[in-house]
Amino acid sequence: MATEIELIFPDGNPVFYPAGITGKEIAESIGPGLAKAALAVEINGEKTDLDTPIAESGDFRVLTFDDDEGKRIFWHSTSHIMAEAVRALFPDTKIAIGPAIDQGFYYDFDRDEPFTPDDLDAIEKKMTELIAEGRVFERREVKRKEAIERFEKEGEIYKVELIGEIPAGEKVILYTSGEFTDLCRGPHIPDASRIKAFKLLSIAGAYWRGDENEKMLQRIYGISFPKRSMLDDYLEKLEEAKARDHRKIGKELDLFSIHEDIGPGLVLWHPNGAIIRDLIEDYWRRRHRQEGYLPVYTPHVGRAQLWETSGHLGFYTENMYPPMEFEDGGIYYVRPMNCPFHIAIYKTRIRSYRDLPILYSEMGADYRYERSGVLHGLLRVRGFTMDDAHIFCTPEQILDEVMKVYGFSLEILRSFGFEDFGIYLSTKPEKCVGEAERWEQATDALRQALDKMGLPYKVDKGGGAFYGPKIDIKVKDALGREWQTTTIQFDFNEPERFDITYIDEDGQKKRPYMVHRALLGSLERFFACLIEHYAGNFPMWLAPTQVVVVPVSDKFSDYGKSVHKKLVSSGIRARLDDRPETIGYRIREAETAKIPYMVIVGEREANSDTGSLRSHAHGDLGSMSIEEIITRLTDEGKPPA
RNA sequence: GCCAGCAUAGCUCAGUCGGUAGAGCAGCUCACUCGUAAUGAGCAGGUCAACGGUUCGAAUCCGUUUGCUGGCUCCA
């Protein structure tokens, strides 16, 4: 065994250490600041505890709370402390799993009595005590049998189940902190006193193993930090996020509403929301025409037979509204998707390879019977409009078509100000239709498109639909939750079921590729994302009202009217507010309505044919001629090219 | 659908121990005619989500239903 190891630090510099040195000692050798911040180390991509002797050479780094991995270790350790506190207070509780998540941690418990908010306070208090008492995390490798016996004795049936699933070659590791021992791969922070601030945030139900046939457990969510101020900042950010919530802003800016007596998940677009929607649709239609898409319009209902053929009645009934039956026996369903109708148009004549690709697009209203617990503002509804299109093409064309549609999608999302995407490639699941060769070719096309654009993406192995692989793009809402907007999905199911074909060069009938794609996803969901993204401060090209003309008093109402008329006839979405309220009141109201501009007119302006421009973002911009204001607002109000 | 919490005026929210409903904003009326984020006064506004139960008496306690919120599962 080597007596010396060579560690390559993140800056690329190699440093030699005696073999068996611990991460803690290395951190100390670098500096007291790092030693204090160090939580764990990573050697050749393997994370270990600070006090584990290091025997091998390789890439090395110290993990602190500044690293994502460091955060996860920190939060995971906090979840152990929480579990110990829960077991101390409620000894009849069984423990399941307690991982770190993107923002904090949770632990799942099995207990007959539900946890109450008061219980959370008690648990927090207990955790504080445990941390004050001093808790270190001790790692121990044990024999599988020993671990099973231990947890069986304690009645920890979930742990026993988990151990049973650890692959034969893998070590079984237990971590003990205080009175609490848990099955855990680790690593952990050296000492719980690092946890300077934490908060338990919510209680929720969660199925064991995420399977709704399994028992529902109680999940407690929490977050923790190495500094008190970080928790305060986090909680403040949470409050700010709530202020961006599209449901709140939707009400404040009079954009939309949803009514119990109309139906859950059914959206009314008020004028302010509908103006924005119109502008989105205008832009969308223009760009789609430019990209070679052909518009179609299709009905919102269709015969049962159609849905039988498409397969929806087989695999999608749970999400469909119940059938409508006529006296003559005709049965119709409201559509959950548009595809069968687009296919029907494709099938109205024999298609040649020369006709392909064919791109049919439609803002198609769809209705899906979503389970009651999943509805969520505009983000998850029962009636929505998909910005749908179907691409029919030859095998030779798919790569090109996928590249185009992926690039198109990024362009559209970016033009609405989105830059931070979660991109996912979902590949072939176990149960699926379609030939292996087609799956391969399609997945390959998707992967090539993704690679070519160079944006990072995650592969969801086996996560594709049973009918084809797909690319999904998700954007985050105010609370950091990801919502799918763009989806680009291959379909090997419906072309088969509807037997769609084209005649190739060789005169043979062949099966075209079919791709479903929505770029915005649904207008409802996209609108929600847009509201939260801009926090209601829509850019000029989308603002329902772009400018309000505010005469200082009644005396200048006539001049205000003439300015308003000029703005409107220049195509600017202007409003006049000459109500007999104080000037301060009317300015404040326009500000809270997040209207991008005001033109304030009084004696000075009336005498010089000018207006005083005030911006929502920058305040008073001073007086300028009406022509200048029109030019300025028109330029800024142009939709994306 | 499942777990937990919540539901009072158009909005945001008070309402103690069960004793019969309250504020601010918004709305309406009047006065004020105003220079860059709230002028003042007055008026009106409620089957306390719905239904059932306990009680002399229920916004308040209990049950059911509906809706919403946070999760789970599912998904645009």
Side-chain angles (χ1 to χ4, degrees), chain A residues 101 106 108 114-117 119-120 201-221 242 245 247-248 251-252 254 257-261 263-265 316 318-319 336-338 364 366 368-382 384-388 465 472-474 479 481 483-487 489 516-526 528-529 550-557 578-593 598-605 612-616 619-623:
Chain A
I101 49 177
Y106 67 77
D108 284 347
F115 289 114
T116 66
D119 292 339
L120 287 195
L201 298 166
S202 63
I203 314 164
Y207 299 104
W208 168 237
R209 330 209 106 210
D211 182 341
E212 59 182 322
N213 300 311
E214 296 276 5
K215 184 163 186 183
M216 176 152 288
L217 309 173
Q218 297 186 65
R219 176 171 295 178
I220 301 179
Y221 285 91
K242 281 185 194 152
D245 191 309
R247 292 164 299 195
K248 185 173 153 71
K251 212 176 273 176
E252 287 166 357
D254 197 12
S257 59
I258 297 172
H259 302 255
E260 184 176 342
D261 42 1
Y316 209 72
E318 278 189 9
N319 282 299
M337 296 183 196
N338 315 308
D366 294 322
R368 298 184 184 174
Y369 193 79
E370 297 290 345
R371 301 211 267 183
S372 62
V374 306
L375 299 174
H376 183 100
L378 293 184
L379 285 164
R380 191 73 180 276
V381 293
R382 285 190 177 153
F384 58 94
T385 301
M386 209 187 317
D387 69 313
D388 204 10
D472 293 328
I473 303 181
K474 302 182 184 188
L479 287 170
R481 295 172 294 205
W483 294 92
Q484 183 176 314
T485 53
T486 295
T487 186
Q489 310 184 337
H516 311 251
R517 48 111 284 187
L519 305 187
L520 309 176
S522 81
L523 287 168
E524 285 74 9
R525 175 176 294 178
F526 186 74
C529 293
V550 186
V552 169
S553 77
D554 260 5
K555 289 185 213 155
F556 313 104
S557 191
D578 59 354
R579 291 173 302 168
E581 299 286 353
T582 61
I583 175 87
Y585 179 89
R586 285 172 292 150
I587 287 172
R588 181 169 194 279
E589 200 170 79
E591 286 292 347
T592 55
M598 277 173 250
V599 175
I600 291 148
V601 293
E603 188 165 12
R604 290 196 296 272
E605 289 77 15
S612 166
L613 193 63
R614 180 191 163 95
S615 141
H616 177 54
D620 191 358
L621 301 176
S623 286

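Not measured: the values here are computed from a predicted model. The chains referred to below are lettered A, B, ... by the order of the sequence lines, with proteins before strands, and numbering in each begins at 1.
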Checking all strands, does [X] fall into the base, sugar-phosphate, or nothing category for heavy-atom contacts under 4.0 angstrom?
| X | value |
| --- | --- |
| A/G602 | base |
| A/V381 | base |
| A/F526 | nothing |
| A/E252 | nothing |
| A/E524 | nothing |
| A/R247 | sugar-phosphate |

Measure across A/Q484 and A/T486 and return the closest heavy-atom pair with its distance rounded to 0.1 Å.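 Smallest heavy-atom distance, with atoms named: CG-O, 3.8 Å.
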Kindly say whether [Y] contributes a backbone atom to a donor-acceptor pair with the side chain of [X] at under 3.5 angstrom?
| X | Y | value |
| --- | --- | --- |
| A/Q218 | A/F115 | yes |
| A/R586 | A/E581 | yes |
| A/R525 | A/M386 | no |
| A/R368 | A/N319 | no |
| A/D620 | A/R614 | no |

Any salt bridge between A/R247 and A/D245, counting N to O under 4.0 Å?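 So A/R247 pairs with A/D245 through a salt bridge.
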Per-nucleotide protein contact string for nucleotides 3-15 of chain B, where B marks a base within reach and S marks sugar-phosphate only (heavy atoms under 4.0 Å, - for neither): BS------SS---
With B for base contact, S for sugar-phosphate-only contact and - for none (protein heavy atoms under 4.0 Å), nucleotides 36-47 of chain B reads BBBB--------
Among [options], the nucleotide that comes nearest once only the side chain of [X] is considered:
| X | options | result |
| --- | --- | --- |
| A/V374 | B/C75, B/C74, B/C34 | B/C74 |
| A/S553 | B/C34, B/G71, B/G67 | B/C34 |
| A/Y207 | B/G1, B/A76, B/U33 | B/G1 |

Can you tell me the distance, in whole Å, between the [atom1] atom of [X] and the [atom2] atom of [N]?
| X | N | atom1 | atom2 | value |
| --- | --- | --- | --- | --- |
| A/R380 | B/C68 | CZ | P | 13 Å |
| A/Y369 | B/C74 | OH | P | 19 Å |
| A/L375 | B/C74 | CG | C1' | 12 Å |
| A/I258 | B/G67 | CD1 | C1' | 11 Å |
| A/R371 | B/G67 | CZ | P | 15 Å |
| A/M386 | B/C75 | CE | C1' | 11 Å |
| A/D211 | B/U73 | CG | C1' | 9 Å |
| A/L378 | B/A76 | CG | P | 17 Å |

Would you mind telling me which residue lines up with the more 5' stretch of RNA chain B, A/R579 or A/Y221, judged by nearest nucleotide?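 Final value for this comparison: A/R579.
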Pairwise [atom1] distance, [M] and [N] [rounded to whole Å]:
| N | M | atom1 | answer |
| --- | --- | --- | --- |
| B/A49 | B/A59 | C1' | 12 Å |
| B/G19 | B/U55 | C1' | 12 Å |
| B/G15 | B/C72 | C1' | 36 Å |

When you measure from the side-chain N and O atoms of A/R481 to the phosphate of B/G70, is any distance below 4.0 Å, counting only OP1 and OP2?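 Checking A/R481 against B/G70: at least one side-chain N or O falls below 4.0 Å of OP1 or OP2.
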Between the side chains of A/Y207 and A/R209, does any donor sit under 3.5 Å from an acceptor?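 There is no such pair (donor and acceptor under 3.5 Å, judged by atom type) between the side chains of A/Y207 and A/R209.
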Assess whether atom CD of A/E603 is packed by more than 12 heavy atoms of other residues, nucleotides or ligands within 6.0 Å.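 Atom CD in A/E603 is not packed in, count stays at 12 or less.
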Want to know the stems of RNA chain B: at least 3 consecutive Watson-Crick or G-U pairs with distances under 3.5 Å, which are they?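 Result, WC/G-U stems under 3.5 Å: B:1-7 with B:66-72, B:10-13 with B:22-25, B:27-31 with B:39-43, B:49-53 with B:61-65.
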